[in-house]
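Working notes for the structure below.
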2 protein chains.
Amino acid sequence: MTQPPDSSRPGNDRITLTEVAGHAGVSRSTVSLVLRGSPLVAAETRERVQAAMAALGYIYNRGAATLRAARTQTVGLLVCELNNPFYAELTAGMDDVLDAEGFVAFIANTAEQPERQERFLQRMREHNVDGVILCPAAGTQGELLDRLDRWRLPCVQALRFVSDRGRDYAGVDYQAGVETVVDHLVSLGHSRIAFVGGTLDHSAYAARHAGFTAAMRRHGLADDLVLRCPLTRRSGAEVADDLLHRPQAPTAALCYNDVVALGLMLGLEARGLRAGRDLAVTGFDDVPEAALSRPALTTVATSARQIGQEAARLLLRRIADPQGPPERIILPSRLVVRQSCGAPIHSTHHRDLS
Amino acid sequence: MTQPPDSSRPGNDRITLTEVAGHAGVSRSTVSLVLRGSPLVAAETRERVQAAMAALGYIYNRGAATLRAARTQTVGLLVCELNNPFYAELTAGMDDVLDAEGFVAFIANTAEQPERQERFLQRMREHNVDGVILCPAAGTQGELLDRLDRWRLPCVQALRFVSDRGRDYAGVDYQAGVETVVDHLVSLGHSRIAFVGGTLDHSAYAARHAGFTAAMRRHGLADDLVLRCPLTRRSGAEVADDLLHRPQAPTAALCYNDVVALGLMLGLEARGLRAGRDLAVTGFDDVPEAALSRPALTTVATSARQIGQEAARLLLRRIADPQGPPERIILPSRLVVRQSCGAPIHSTHHRDLS
DNA sequence: CAGGCTAATTGGATCGATCCAAATACGCAA
DNA sequence: TTGCGTATTTGGATCGATCCAATTAGCCTG
């Protein structure tokens with residue numbers, strides 16, 4: 001009927017700064033200064049306090065600190081598609097930089113759902129994050145960024161943007177990447193080139209499509225062969241028929257990303273056709289499988305990890321200086337020519353491994 | 001020389017519960033009760049308070065709440081290798097469940113470094129997480145779990161464990177998975193089978209190796225052909241020579257995971273050999289590339305996302321009831337027979353897409 | 001030795017919520 | 001009208017840190 005006599009109340013055993021102060025024979029204020037590495041404290045005192053902290057097993061209570069101090073040393077990562085290996089790499093890159101600066105990141109997978117993204121943002125605000133890195137879900141309204149401003153919540157957009165006017169952004173030069181691919185295909189003699197894949201509207205789609213259009217026009221070629229389809233292997237495979245049974249069938253398919261390209265190659269194979277011989281196929285991202293498929297996929301390499309690192313760096317800078325000038329970091333991409341575009345097939349000895 | 005006159009102090013504009021109370025004409029206590037959904041509050045009052053919150057744009061300050069309340073609604077995710085697509089999927093699964101319960105997760109990539117893992121754990125404690133999901137870095141000492149106990153920090157191990165005696169764990173039945181592979185290879189007539197890959201010692205390695213040994217002995221076969229190598233494509237390729245130039249060369253290589261297996265297949269090819277014809281090759285994980293390689297890789301499918309979900313569920317249960325009985329969830333794996341093990345080659349029409 | 005200056009330390013108020021015991025309001029029976 | 005039980009509401013103390021103005025200690029100089 002009563003509490004068990006020996007019941008040690010849960011969580012009551014946490015050592016506080018006051019207890020450390022008692023043990024070290026100084027005031028709370030001094031311990032607090034030591035915690036924050038203030039130069040005001042005498043070396044001898046500092047050591048005594050640190051010894052006390054070690055002896056008692058003191059753990060800093062950031063929640064308490066946050067109540068007074070401005071910062072929490074936390075940031076939010078809102079990723080539009082966490083299960084995609086590309087974003088995994090990106091996240092790892094962010095983690096590298098944040099860890100080095102003593103920050104911890106909340107992670108959230110918005111799964112391309114704006115309302116989920118909204119929910120997570122609220123939650124992050126409740127947790128008082130110092131800023132967020134956002135890969136905006138497709139369909140995100142531009143008004144969101146204004147709200148972030150009003151909330152005074154520093155935000156860096158990564159890989160995609162709702163708007164990048166006057167805002168921090170880290171991404172890849174998708175347009176130039178696609179243009180390089182077109183140039184390469186044209187140099188191989190192709191003139192009917194299709195742009196394949198992508199259903200959602202966001203800046204990353206727009207940029208690639210713009211690259212396609214710009215390069216085609218530059219070469220005086222028609223840029224109207226655009227097939228939108230979901231970014232899955234399956235849809236890539238299914239689009240093969242549509243592509244080949246047109247009045248003027250293209251001789252090359254420039255795919256939105258590797259996943260679609262790999263799917264398309266499977267679709268061709270299932271029809272007894274082969275990429276690189278019957279249809280030139282190219283991808284985008286250079287996922288590990290690209291080097292591995294037969295024929296190996298010509299694609300554009302982007303360094304996901306590095307983008308993650310840059311985005312984190314931008315955010316930390318913005319947190320430190322909210323008024324500073326906005327920065328855009330656009331990393332270059334790199335054309336990786338393999339066999340799927342019809343270039344001469346090399347010996348497998350030279351295939352790249354990862 | 002003085003502050004600009006209009007300088008609105010940063011962060012001073014946050015609405016507090018007290019202001020909501022004033023606006024709604026009730027006390028702070030009442031607002032607090034509304035926030036926590038207490039049934040004590042009269043419906044009419046509740047509505048008035050909620051209207052005030054909406055009108056003022058109130059944001060709950062969890063940091064402040066944490067100071068008094070026991071819970072933070074946050075957990076930590078310590079992943080040993082975040083950039084691996086497998087873990088990306090796992091993380092997405094955890095996120096699904098945590099989101100539904102209103103929790104947010106801190107993420108940390110330990111990158112197989114115990115000291116990094118240690119650092120993150122301290123940081124999570126500072127942030128007062130309610131619990132952690134741990135994929136222990138290779139080399140983690142068993143003593144860590146005791147410390148977690150002492151800290152009263154609920155912990156669920158996932159995919160690997162340091163020790164699972166009396167502890168929560170969610171993972172895959174690696175041993176059974178490997179045994180199935182051995183059985184299949186034996187049924188195809190193989191008797192000299194090598195176990196290839198893995199350098200780090202952890203439970204996931206031990207379980208697979210145990211499966212190999214058990215099944216081989218069961219069939220009365222020698223289980224001593226074990227080649228340890230790093231889990232990269234490159235090492236997989238390099239191991240091919242070693243494998244083939246032994247006095248009694250094996251006829252099958254059961255690889256630790258798909259990455260090594262895919263590498264090994266490339267190594268064979270570079271020597272003019274072919275998996276499934278000159279050497280049976282199998283993998284583990286069923287990564288997307290497995291279905292895509294030529295020949296397609298026979299492997300064992302595990303559902304990463306589901307494991308993530310289960311691990312999160314276990315953790316939430318443990319947080320709710322710290323004294324409850326420990327639970328182990330072992331999900332089954334599934335043999336996926338493709339061409340790399342020497343089974344008859346099917347038409348590509350039947351190849352599975354993802 | 002007083003006075004001034006720097007270096008180091010300190011106590012009390014404070015952040016924004018929760019907890020708890022106590023106060024108040026209301027309805028109804030005696 | 002009083003008394004009492006139930007339903008609501010409330011003020012003050014509290015969590016564990018930080019901030020700030022004020023104090024104390026130590027040293028040098030004239």
Side-chain angles (χ1 to χ4, degrees), chain A residues 9-50 52-53 56-74 123 125-130, chain B residues 9-50 52-53 56-74 123 125-130:
Chain A
R9 294 273 306 289
N12 260 9
D13 48 358
R14 184 158 181 166
I15 304 294
T16 75
L17 167 152
T18 308
E19 298 170 72
V20 173
H23 191 274
V26 296
S27 73
R28 280 169 319 148
S29 303
T30 303
V31 177
S32 178
L33 290 173
V34 171
L35 278 174
R36 284 170 292 149
S38 163
L40 288 169
V41 186
E44 190 267 339
T45 310
R46 186 197 327 282
E47 278 162 32
R48 198 144 38 89
V49 170
Q50 279 164 344
M53 296 199 294
L56 298 176
Y58 172 71
I59 289 284
Y60 185 61
N61 187 335
R62 263 175 215 280
T66 303
L67 207 47
R68 289 242 77 196
R71 297 283 144 75
T72 56
Q73 305 267 91
T74 58
R123 224 169 263 174
R125 287 221 289 156
E126 293 184 356
H127 283 289
N128 253 307
V129 295
D130 294 339
Chain B
R9 293 273 305 290
N12 260 10
D13 48 359
R14 185 160 181 163
I15 304 294
T16 75
L17 165 152
T18 307
E19 298 169 73
V20 173
H23 192 274
V26 296
S27 72
R28 281 169 317 149
S29 304
T30 302
V31 178
S32 178
L33 290 173
V34 171
L35 278 174
R36 285 171 291 150
S38 162
L40 286 170
V41 187
E44 191 268 338
T45 309
R46 186 198 329 282
E47 276 161 34
R48 197 145 38 88
V49 170
Q50 278 164 345
M53 298 198 292
L56 298 174
Y58 172 72
I59 289 285
Y60 185 60
N61 186 336
R62 262 174 217 280
T66 303
L67 208 46
R68 289 241 78 196
R71 295 285 144 73
T72 56
Q73 304 267 92
T74 59
R123 224 169 265 172
R125 287 222 287 158
E126 293 183 357
H127 283 288
N128 254 307
V129 295
D130 294 339

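Below, read A as the first sequence line, B as the second, and so on, with proteins coming before strands; counting in each chain starts at 1. What you see is a predicted model, and the numbers here were worked out from it, not measured in a lab.
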Inset, instruction - Return yes if some donor-acceptor pair links the side-chain N/O of Arg62(B) with the main-chain N/O of Glu126(A) below 3.5 Å, else return no. - result: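 No; judged by distance alone, with no hydrogens or angles, the pair does not exist.
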
Inset, instruction - Look only at the side chain of Glu47(B) and the backbone of Glu44(B), and say whether a donor-acceptor pair between them is shorter than 3.5 Å. - result: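 No; judged by distance alone, with no hydrogens or angles, the pair does not exist.
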
How close or far is atom [atom2] of [N] from atom [atom1] of [X], stated in whole angstroms?
X        : N       : atom1 : atom2 : value
Leu40(A) : dA22(D) : CG    : P     : 17 Å
Arg68(B) : dA13(D) : CZ    : C1'   : 8 Å
Gln73(A) : dT18(D) : CD    : C1'   : 14 Å
Ile15(B) : dC15(C) : CD1   : P     : 14 Å
Arg71(A) : dC19(D) : CZ    : P     : 11 Å
Glu44(A) : dA25(D) : CD    : P     : 16 Å
Met53(B) : dG16(C) : CE    : P     : 17 Å
Arg14(A) : dA17(D) : CZ    : P     : 7 Å

Do [X] and [Y] have side chains that get closer than 4.5 Å, going by heavy atoms?
X        : Y         : answer
Asn61(A) : Asn128(B) : yes
Arg28(A) : Val31(A)  : no
Leu17(A) : Tyr58(A)  : yes

Legend entry - the helix from dC1(C)-dG30(D) to dA30(C)-dT1(D): angle between end helix axes, five pairs per end, rounded to 10 degrees: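 If I round to tens, the end axes sit 60° apart.
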
Could you verify whether a donor N or O on one side chain and an acceptor N or O on the other, from [X] and [Y], lie under 3.5 Å apart?
X        : Y         : result
Ser27(A) : Thr30(A)  : yes
Thr72(B) : Asp130(B) : yes
Arg36(A) : Ser32(A)  : yes

Legend entry - Of residues 22-35 of chain A, the positions that come close to DNA chain D - non-hydrogen atoms, cut-off under 4.0 Å: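 Heavy-atom cutoff 4.0 Å gives Arg28(A), Ser29(A), Ser32(A).
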
Legend entry - Interface residues of residues 60-67 of chain A with DNA chain D (non-hydrogen, below 4.0 angstrom):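 Residues of residues 60-67 of chain A under 4.0 Å from DNA chain D: Tyr60(A), Asn61(A), Ala64(A), Ala65(A), Leu67(A).
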
Inset, instruction - Calculate, to the nearest 0.5 Å, the distance between atoms CD1 and OG1 belonging to Ile15(A) and Thr18(A) respectively. - result: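 Interatomic distance, Ile15(A) CD1 to Thr18(A) OG1, rounded to 0.5 Å: 11.0 Å.
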
Inset, instruction - Hey, could you give me the CE/NE2 distance between Met53(A) and His23(A), rounded to the nearest 0.5 Å? - result: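 If I round to the nearest 0.5 Å, the distance is 12.5 Å.
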
Inset, instruction - Can you figure out which of dA8(C), dT18(D), dT9(D) approaches the side chain of Leu17(A) most closely? - result: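 Selected nucleotide (nearest to the side chain): dT18(D).
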
Inset, instruction - For Thr74(B) and His127(A), run side-chain contact (heavy atoms from CB on, under 4.5 Å): C-alpha distance rounded to whole Å, both residues' side-chain angles, the deciding distance at 0.1 Å, then the answer. - result: CA-CA 9 Å; Thr74(B) 59; His127(A) 283 289; 3.3 Å; yes

